[in-house]
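Notes for the one structure printed next.
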Amino acid sequence: MDYPYQQLFEKHLTQKMLSAATIESYHHDLADFFNYLRHFNASYQENPSVKCLQESDVRDYCSMLLVKRLNKYTTYNKVLSHLKCYFKYLFHDNLIQTLPTLALSGKKITEINRPFPNWTDDLESLLANKELSFYTRLTLLFCAHFYSASEFLQPNFYIAFRKEKLDNFELAFMQQFYLFIEPLQQKQNTSDFFIKQRFDPITPQLTLPALHKYLKYDEKKCAFSLIPQKLYQSAIFHYLANHQHSSDNEILQKLRLSPASLNYYRQIYWKKVSLYDL
């Protein structure tokens, strides 16, 4: 895919002694930018001239990188740097009259992950931590597999969970959990995972408030919140941040989300990380 003044600009990059790989990176980012304008920018579609581009056009594209594609800040900053270099070249060669990137700035790299704890990276050690209750560790496991509390506290959830492909350390934990839970299952006459200690022949399943008591007790042993909703959301955000090049269909299938829900979580992610803009 070509972009305006491509040959002139890439000749300029070559004269600056940039490597072929770097020039190819410029080509990829600029071609993607103009391809986005051709498909999603109404004003550019009506008047496809680089001379008419405004700051809002570039800002819209840059926002898309974060909100839609969930690019990491390192990628975002690289793309913005390439756009700035391109438009600066056009401006100094009198090919355009204004700089649409003049007011745009990068993102703070050191603040990228602050809004969302990446506890899923430590799942193996968390599941092996015997200071945490089995119910706490099971909650972590289910949230790491993108199940919400409203799902895994439902009767017969164990049937759906059988379909999950588990890593060896997860299988090892589940074997330990089955040894723990089997007496309770026999006592309550159920195969569910979260069960009350007190015999209840009608509703033996643990309620969400009761689960919160286990989690609250264990929270002081962790460096992050054990509220199920926050665990679930942070697992989703962590997955999205590390699968930027996956298609929406792949993400929807993996996270078991509707398109509307996926957009909802992307919006939350963007609103939080935007607090750390320069």
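We count residues from 1, following the sequence as given. Note: hydrogens, waters and symmetry copies are ignored here, and every other heavy atom, side chains too, is used.
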task = Go through the steps for Asn35 and His39 under the test side chain to side chain contact (heavy atoms under 4.5 Å, CB included), then give the verdict.
result = CA-CA 6 Å; Asn35 186 54; His39 287 87; 3.0 Å; yes
inquiry  = Please determine whether side-chain hydrogen bond (donor to acceptor under 3.5 Å, both in side chains) holds for the pair Asp93 and His12, giving the CA-CA distance in whole Å, both sets of side-chain angles, and the decisive distance to 0.1 Å.
reply    = CA-CA 11 Å; Asp93 272 34; His12 166 72; over 6 Å; no
task = Determine, step by step, whether Arg266 and Ile251 satisfy the side chain to side chain contact (heavy atoms under 4.5 Å, CB included) criterion, reporting the C-alpha distance in whole Å, the side-chain angles of both residues, the deciding distance to 0.1 Å, and the verdict.
result = CA-CA 12 Å; Arg266 280 173 167 160; Ile251 295 173; 3.9 Å; yes
inquiry  = For Tyr89 and Leu13: C-alpha separation, side-chain torsions, deciding distance, then whether side chain to side chain contact (heavy atoms under 4.5 Å, CB included) applies.
reply    = CA-CA 10 Å; Tyr89 164 76; Leu13 297 179; over 6 Å; no
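Taking the six-membered ring where the residue is Trp, Phe157 and Phe142 present perpendicular rings, their angle passing 60° and hence far from 30°. Under the 30°/60° scheme for interplanar angles, the aromatic rings of Phe146 and Tyr239 are found to stand perpendicular. In this structure, Phe194 and Tyr135 have tilted ring planes: the angle between them lies in the 30° to 60° band. Between Phe87 and Phe33, the ring planes lie perpendicular to each other; the angle is over 60°, past the 30° to 60° tilted range.
Within a 6.0 Å radius of NZ in Lys165, no more than 12 heavy atoms belonging to other residues, nucleotides or ligands are found. More than 12 non-hydrogen atoms from other residues, nucleotides or ligands lie less than 6.0 angstrom from CG of Asn47. No more than 12 heavy atoms of other residues, nucleotides or ligands lie within 6.0 Å of CD in Gln7, so this atom counts as exposed by the packing criterion. When the shell of 6.0 Å around CZ of Phe180 is examined, it contains more than 12 heavy atoms from other residues, nucleotides or ligands. Crowding of Gln45 atom CD: a count of heavy atoms from other residues, nucleotides or ligands under 6.0 Å exceeding 12. Other residues, nucleotides and ligands place more than 12 heavy atoms under 6.0 Å from the CZ atom of Phe169.
Between the CG atom in Leu83 and the NZ atom in Lys88 there is a gap of 14.5 Å [rounded to 0.5 Å]. Atom OG1 of Thr120 is separated from atom CG of Leu141 by 12.0 Å, given to the nearest 0.5 angstrom. With rounding to the nearest 0.5 Å, the separation of NZ in Lys220 from CG in Leu226 is 10.5 Å. For the atom pair CG of Leu104 and OG of Ser81, the computed distance is 12.5 Å after rounding to the nearest 0.5 Å. Remark: Ser261 OG to Arg256 CZ distance equals 12.5 Å, nearest 0.5 Å.
Between Tyr86 and Tyr3, the distance separating the two ring centers is shorter than 6.0 angstrom. In this structure, Tyr36 has its ring center under 6.0 Å from that of Phe40.
Using modelled atom types, one side-chain atom of Ser133 and one backbone atom of Thr136 make a donor-acceptor pair closer than 3.5 Å. Distance alone, capped at 3.5 Å, is enough to place a donor-acceptor pair between the Lys221 side chain and the Glu131 backbone. A donor-acceptor pair is defined here as one N or O able to donate and one able to accept, closer than 3.5 Å; no such pair exists between the side chain of Lys78 and the backbone of Asp29. Remark: the backbone N or O of Leu132 is paired with a side-chain donor or acceptor of Arg137 at under 3.5 angstrom. Between the side chain of Glu55 and the backbone N or O of Thr101, no donor-acceptor pair lies under 3.5 Å. Of the possible polar contacts, one joining the Asn41 side chain to the Tyr44 backbone as a donor-acceptor pair under 3.5 Å is found. In this structure a side-chain-to-backbone donor-acceptor pair under 3.5 Å is missing from Lys230 to Ser225. Side-chain atoms of Gln188 come within 3.5 Å of backbone N or O of Lys196 as a donor-acceptor pair. Of the possible donor and acceptor atoms, one in the side chain of Thr190 sits under 3.5 Å from a partner among the backbone N and O of Asp192. Put simply, the side chain of Glu170 gets close to the backbone of Asp167: a donor and an acceptor are under 3.5 Å apart.
For the pair Glu10/His27, a side-chain contact is recorded, criterion being any heavy-atom separation below 4.5 Å from C-beta on. With a 4.5 Å cut-off on side-chain heavy atoms, Phe193 and Tyr178 count as touching. You'll find the side chain of Leu138 reaches within 4.5 Å of the side chain of Phe177, heavy atoms only. Taking 4.5 Å as the limit, every side-chain heavy atom of Ser258 sits out of range of all side-chain heavy atoms of Leu252. Here the side chains of Arg38 and Pro48 are not in contact, with every heavy-atom distance at 4.5 Å or above. Inter-residue side-chain proximity for Phe134 and Phe173 is flagged as met; some heavy-atom pair is nearer than 4.5 Å. At least one side-chain heavy atom of His238 sits under 4.5 Å from a side-chain heavy atom of Asp121. Side-chain contact between Tyr265 and Leu255: absent, with no pair of heavy atoms (C-beta onward) separated by less than 4.5 Å.
Heavy atoms only, all atoms of each residue included: Trp119 and Leu140 are closest at CH2-O, 3.2 Å. The minimum heavy-atom distance between Pro100 and Leu53, with the atom names listed, is CB-O, 4.0 Å. Looking at every heavy atom in both residues, Ile23 comes nearest to Leu18 through CD1-O, 3.8 Å. Looking at every heavy atom in both residues, Thr207 comes nearest to Leu153 through C-CD1, 4.3 Å. In this structure, Asp57 and Cys52 approach most closely via the heavy-atom pair OD2-O, 4.3 Å. Of all heavy-atom pairs spanning Leu184 and Gln197, the tightest one is CD1-NE2, 3.7 Å.
By the criterion of side-chain heavy atoms lying less than 4.5 angstrom apart, applied directly or through intervening Ile, Leu, Val, Met, Phe, Trp or Tyr residues, Tyr217 is not grouped with Leu231; the two fall into different hydrophobic clusters. Ile227 and Leu206 sit in two unconnected hydrophobic clusters of ILVMFWY residues. Membership requires side-chain heavy atoms under 4.5 Å apart, directly or through other members. Note: the hydrophobic cluster containing Tyr158 also contains Leu171 (ILVMFWY, side chain heavy atoms under 4.5 Å, direct or indirect links). Put simply, Tyr76 and Leu102 are part of the same group of oily side chains (I, L, V, M, F, W, Y) that touch within less than 4.5 Å, one to the next. Cluster membership for Ile159 and Ile195, using ILVMFWY side-chain heavy atoms within less than 4.5 angstrom, is shared.
Between Lys213 and Glu219 there is no salt bridge, since none of the side-chain N atoms of the basic residue sits less than 4.0 Å from a carboxylate O of the acidic one. A salt bridge is defined here as a Lys NZ or Arg NE, NH1 or NH2 lying under 4.0 Å from an Asp or Glu carboxylate O, and Asp200 with Lys187 fails to meet this definition. Salt-bridge formation is detected for the pair Arg69/Asp32: a Lys NZ or Arg NE/NH1/NH2 atom is positioned less than 4.0 Å from an Asp or Glu carboxylate oxygen.
Side-chain contact annotation: Tyr147 with Glu164, donor-acceptor N/O pair under 3.5 Å present. Thr22 and Ser19 share a donor-acceptor pair across their side chains, judged by distance under 3.5 Å alone.
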